[in-house]
Amino acid sequence: MVIINMAKIELPKQYKPKESEEQLLEFWEKEGIYAFDTESDKKIYSIDTPPPTISGKMHIGHAFSYAQQDFIARFKRMKGFNVFYPFGTDDNGLPTDRLVEKTKNVKSGDMERKEYVKLVLKTLEELRPKFIADWKKIGMSCDFNIYYTTIDEHCQKISQKSFIELYKEGREYRKDAPTMWCPECKTGVSQVECEDKMFDSFFNDIIFRIDGKDVIIATTRPELLPACVAVFYHPDDKRYQKYEGKTAKVPLFDFEVPVLPDERADPEKGSGIVMCCTFGDQTDMEWQKAHNLPIKLALSHEGKMTEIAGRYSGMGIQTARKMIIEDLKDNRLLISQTPIKHAINVHERCGTEIEFIKSKQWFIKYLDLKEDMIKWGAELNWYPKHMKHRYDNWVKGLQWDWLISRQRHYGIPFPVWYCKKCDEVILAKEEDLPVDPLEDKPPVDKCPKCGCAEFKPEKDIIDTWATSSLTPQLCTQLLKNKPIYKKLFPMDLRPQAHDIITFWLFNTVVKSRLHYDKNPWKDVVISGHAQDPHGKKMSKSKGNVVDPREMIEKYNADALRFWAAGTKLGDDLPFMEKDLVTANKTITKLWNASKFAIMHLEDYDGKFDTSKLEVIDRWILSRMHKLIKSCTESFEVYEFSKTKAEAEKFFWQDFCDNYMEIAKHRLYNPDTYGVDARKSAQYTLYTVVLNILKLFAPIMPYITEATYQIYFAEKEGIKSIHNSSWPEYDKKVIDEKAEAAGELVVYAVTNARRAKSDKNVSLKTPIVNMVLKSKLSNDEFKAVERDIAVTTIAEILRYEQLDKDSKIDYEHEIEL
RNA sequence: GGGGCUGUGGUCUAGUGGCUAUGACGUCCGCCUGACUCGCGGGAGUUCCCCAGUUCGAAUCUGGGCAGCCCCACCA
């Protein structure tokens, strides 16, 4: 009698994710499981983690995209890399600024810059720990000790240094030029910060006097009439050619402007003749430049009408528009109004219509580099490939140099003063950084150019993107004092979502090129977006947003990650709560299957001569190694969804539904089937379960670790599954003959089940008589005969070998 | 207007030339089989968006449509 002991290991009956996740987080942190080893010689894999904006809370899109990048980090770690995976928060910029204005109910403009910045930093201190906790909870395996915030001193220094260097390279200039301006935020904005919004408006047909005749001109912006500087028609437009060289009298304001031909005027639009106001839109600016027209400013920085608007000055845009339309009507200068819906550029942060206003701004000159930019993009490895099109498309469409100054209080100051007399730019000294010119003195006593001893500080701040485009420097320079620092840059990976290819990714490439003439990373991995269940974009205004924290609370982090692994890299994925239910089932199944295995492994000493393996064990092991090969190949090219799907299928179907059911009998009854048969199953169970856990570990770090800790950690002698090695494919384990035999077993078992199901009887019901036919030899059949008979409960089992040329591979007869 | 992605059973999804087209959810029928009812077994259900072509053979390649989504531009 062989005594088997299954009772010693204390196994919790159920997996309790909430308790488990909390404990494991602590364990990982305490043991430094994800710590970057600064002393190691191992190959480094460095990740330029996107710093999430601290403006509030994590949304489901974050959870989705950060989970995906974490899969990669964990995979690489198990592959033996020393993974450099820092964490930062983006606390710079308008979103933070507006968040503080809102929550603290202040206006930054009404406060001293110093005071205001203090308040923001204090608010951030309050918000940050809670915010970062969300990222830890979803199981991010960052080294949270390698941390930066884009507003801290370290980052200010690097950002200001970047500015100084680029200035010295001649890449930066300051210019009084029309720029896109947000009257609400009272700052210049760049091309990427704008978005389209549909508005109801009117096409107003108003009368200009040209050469003694009434000419109708259509406009949506009558309030810009005082800034009218010319009137344009298309050179081929016969209706208006006769007015060439004449002047047009602007209604209400009664001044004359030239009538000029220009191809940019579209004869099809409106009346075919158009007014040019400085500045209504981009074309106006082009016209102004091309025809060397004067610049008239009808709008102030606050979005109010200026003095050239005469009696309308001081009014807001909307009020002025209304008044002017009234007055045009009263003077019979307005022929008609056609209601239209049209898209207008608005500031994405506040939804305010963008105006073009002349102001002094800092730019990075880069329009001359468009061809190079395309080359730089082509040097990156894009995953998925097609995402590169977005980069190229953006570069081709670039029309402006990079506007980097912002007229806000909160942010990183320009390290610049100007000579009061000659406006010479005085840069801070590198060793003094970071500086705040409003507080600090310039590094010179006299202007080197004119000798003047008085200076004025730059009040503007550097746009947040000009800093966040330095993340590779921001994170790697945290380890500047360690020898390993040199090995961190260029980095291996930039993971991010596709919506910010055009700015964050693009800007980072540009900065890295301008500074180092090198790309900042080798690979870019682009994730998609989480969508609502109907495949629509989630947005606060639509009210279809899902809070990931609620979902983690209701289900668990692994379930959310499991969902995030459910789609091809780069694809958007609809969020459906039922997917989390499904995920939970897999988690439970994993727990139960492991529990079953561990129960049977209590007396297993790890020693087994694999030449004695049973055929059916060789079958599952062979299949497992094929799985390992495929999963590894998928993961290497960042296709984690394939890894997940294949591992899941193998686990659930091959292993649980088939293998375990077949092997059970040997495990429970060594007396009947022999100790070696049991040992063979134990070896297989140990190997397969451990490897399944490992394959799932990057996707579901909690359940796999929890299970690993109960049994395998001690046996394997490695503290955490996340520090263990990724399963390795072993060609020697592939056994086609065993697989063929296994297939016959599965065929027999499936058909036995079907026969019982057809009769609506329990699977326990014995089969009276079963005949099996296949191409396996009689000896090959013999090796699995017992497995078939026991699993199907067949009382009589006969076998016939089919002819080699038979068209049929299997045949069966079953009698219940 | 330019660019890109997608279009597979009721729903979501796998599948880049060749088996009865994958899996999940749902649905229907049955089963408490010594890990698991968050389970087990089985069934039904797909003109693989449409048209044409290439091919011995197409969900898969080519061309042309149609539809959805996203990005960019224009917006008098």
Side-chain angles (χ1 to χ4, degrees), chain A residues 6 11 13-15 191-192 195-196 198-199 201 203-205 217-221 231-232 264-266 268-277 280-284 340-345 384 386-394 396-399 498-499 501-502 528-529 531 533-537 566-568 570-576 578-579 581-600 641-642 645-646 648-649 652-653 656-657 660-661 664-665 667-669 749-750 752-765 791 793 809:
Chain A
M6 305 191 306
L11 279 171
K13 212 170 168 186
Q14 272 185 325
Y15 174 59
Q191 202 172 334
V192 294
E195 62 184 12
D196 282 356
M198 292 303 289
F199 282 95
S201 183
F203 241 151
N204 302 289
D205 290 331
I217 292 183
T219 179
T220 53
R221 306 215 41 192
V231 164
F232 288 101
R264 279 163 281 208
D266 181 355
E268 303 296 318
K269 264 187 193 168
S271 57
I273 190 162
V274 56
M275 68 174 190
C276 166
C277 307
D281 61 30
Q282 189 134 353
T283 322
D284 289 337
I340 52 159
K341 264 192 193 303
H342 69 162
I344 291 177
N345 243 342
H386 68 256
M387 290 296 178
K388 178 175 170 291
H389 294 296
R390 299 201 186 197
Y391 173 98
D392 290 345
N393 204 21
W394 170 256
K396 284 175 196 154
L398 273 179
Q399 310 226 24
H498 56 51
D499 55 337
I501 289 175
T502 55
H529 273 157
Q531 300 172 323
H534 311 288
K536 293 264 153 54
K537 204 173 166 178
T567 191
K568 264 188 307 200
D571 274 16
D572 295 338
L573 181 66
F575 178 84
M576 283 178 273
K578 70 179 176 69
D579 289 339
V581 177
T582 308
N584 247 355
K585 287 185 185 178
T586 303
I587 291 165
T588 307
K589 188 82 174 174
L590 217 39
W591 176 258
N592 283 318
S594 305
K595 199 175 74 180
F596 173 85
I598 292 165
M599 206 163 80
H600 288 284
S641 67
K642 218 175 154 188
E646 286 180 352
E648 192 187 358
K649 204 177 154 194
W652 207 294
Q653 296 182 355
C656 291
D657 293 349
M660 289 212 306
E661 292 303 326
K664 251 180 197 174
H665 314 281
L667 287 161
Y668 278 116
N669 308 304
V749 169
T750 304
R753 285 165 174 170
R754 186 174 291 131
K756 293 175 190 183
S757 189
D758 285 348
K759 289 247 158 87
N760 289 352
V761 297
S762 154
L763 289 179
K764 274 198 307 192
T765 313
T791 312
I793 322 179
D809 287 324

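In what follows, every chain begins at residue 1, and chains take the letters A, B, ... in the order their sequences are listed.
- A distance of about 8 Å separates the C1' atoms of B:U11 and B:G26, rounded to the whole Å.
- Taking atom CE on A:Met599 and atom P on B:C36, their separation rounds to 8 Å, with Å as the unit.
- Here the nucleotide nearest the side chain of A:His498, chosen from B:C70, B:C36, B:G41, is B:C70.
- Rounded to an integer number of Å, the gap from CG of A:Asn760 to C1' of B:C29 is 7 Å.
- Look at the P atom in both B:C61 and B:C19: the space between them is 16 Å, to the nearest Å.
- If you take CD1 of A:Ile598 and P of B:C36, they are 15 Å apart, rounded to a whole angstrom.
- Contacts of A:Asn592 classified as side chain to side chain donor-acceptor pair (under 3.5 Å), with partners at least two apart in sequence or in another chain: A:Lys595.
- A gap of 15 Å separates the C1' atoms of B:U60 and B:U22, to the nearest Å.
- Going from atom CZ of A:Arg753 over to atom C1' of B:G39 covers 13 Å, rounded to whole Å.
- Counting heavy atoms from C-beta outward, A:Phe203 and A:Thr220 have side chains that approach closer than 4.5 Å.
- A 3.5 Å limit on both hydrogen-bonding distances identifies B:A24 as the Watson-Crick or G-U partner of B:U11.
- At whole-Å resolution of the value, CG in A:Asp657 and P in B:G42 are 8 Å apart.
- Separating the NZ atom of A:Lys649 from the C1' atom of B:A24 is a distance of 12 Å, rounded to the nearest angstrom.
- To the nearest whole angstrom, the two P atoms, one in B:C74 and one in B:A67, are 26 Å apart.
- With P as the reference atom, B:C25 and B:C70 are 29 Å apart, rounded to whole Å.
- A:Ser641 approaches A:Thr567 most closely through the heavy-atom pair CB-O, 3.2 Å.
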Q: Determine, for nucleotides 71-76 of chain B in 5'-to-3' order, which nucleotides have protein heavy atoms under 4.0 Å from the base (write B), from only the sugar-phosphate (write S), or from neither (write -).
A: S-SBBB

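- Comparing the same atom, C1', in B:G1 and in B:U8 gives a spacing of 32 Å after rounding to whole Å.
- Nearer the 5' end of RNA chain B, as judged by each residue's closest nucleotide, is the contact made by A:His389, out of A:His389 and A:Lys756.
- Judged as a side chain to side chain contact (heavy atoms under 4.5 Å, CB included), and not counting sequence neighbours, the contacts of A:Ile273 are A:Ile210, A:Val215, A:Ile217, A:Val231, A:Tyr233, A:Tyr240, A:Ser271.
- Judged by distance alone, with hydrogens and angles left aside, A:Ser762 brings no side-chain donor or acceptor close enough to the base of B:C31 to form a pair under 3.5 Å.
- For A:Gln282, the side chain to side chain donor-acceptor pair (under 3.5 Å) partners two or more places apart in sequence, or in a different chain, are A:Gln399.
- With the nearest nucleotide of RNA chain B identified for both A:His665 and A:Gln653, A:Gln653 has the one nearer the 5' end.
- Side-chain atoms of A:Asn204 come within 3.5 Å of backbone N or O of A:Thr219 as a donor-acceptor pair.
- The gap from the C1' atom of B:U33 to that of B:G45 amounts to 28 Å, rounded to the nearest Å.
- Between A:Phe596 and A:Leu667 the shortest side-chain heavy-atom distance falls below 4.5 Å.
- The base-pairing partner of B:C38, taking Watson-Crick or G-U wobble contacts with both distances under 3.5 Å, does not exist among the strands shown.
- For the pair A:Val274/A:Arg264, no side-chain contact is recorded, criterion being any heavy-atom separation below 4.5 Å from C-beta on.
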(Q) How would you summarise protein contacts on nucleotides 7-18 of chain B per nucleotide, using B for base, S for sugar-phosphate only and - for none, with heavy-atom distances below 4.0 Å? (A) -----S-SS---

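- Under the 4.5 Å side-chain criterion, counting only non-hydrogen atoms from C-beta, A:Lys589 is in contact with A:Cys656.
- Between A:Val749 and A:Glu661 there is no side-chain heavy-atom pair separated by less than 4.5 Å.
- Rounded to whole Å, the C1' atom of B:C36 lies 42 Å from the corresponding atom of B:C49.
- Pairing for B:G1 goes to B:C72, judged as Watson-Crick or G-U wobble with the two contacts each under 3.5 Å.
- If you take CD of A:Glu646 and C1' of B:A24, they are 16 Å apart, rounded to a whole angstrom.
- Residues meeting the ring-ring contact (aromatic ring centres under 6.0 Å, His included) test with A:Tyr15, sequence neighbours left out: A:Trp591.
- Which of B:G34, B:C5, B:G42 sits closest to the side chain of A:Asp758 comes down to B:G42.
- Within the 4.0 Å cut-off from OP1 or OP2 of B:C40, at least one side-chain nitrogen or oxygen of A:Lys589 is found.
- For A:Lys585, a side-chain nitrogen or oxygen approaches OP1 or OP2 of B:G39 to under 4.0 Å.
- Closest contact between the side chain of A:Trp652 and the listed nucleotides B:G42, B:C40, B:C25 involves B:C40.
- Rounded to whole Å, the distance from CE on A:Met387 to P on B:C70 is 14 Å.
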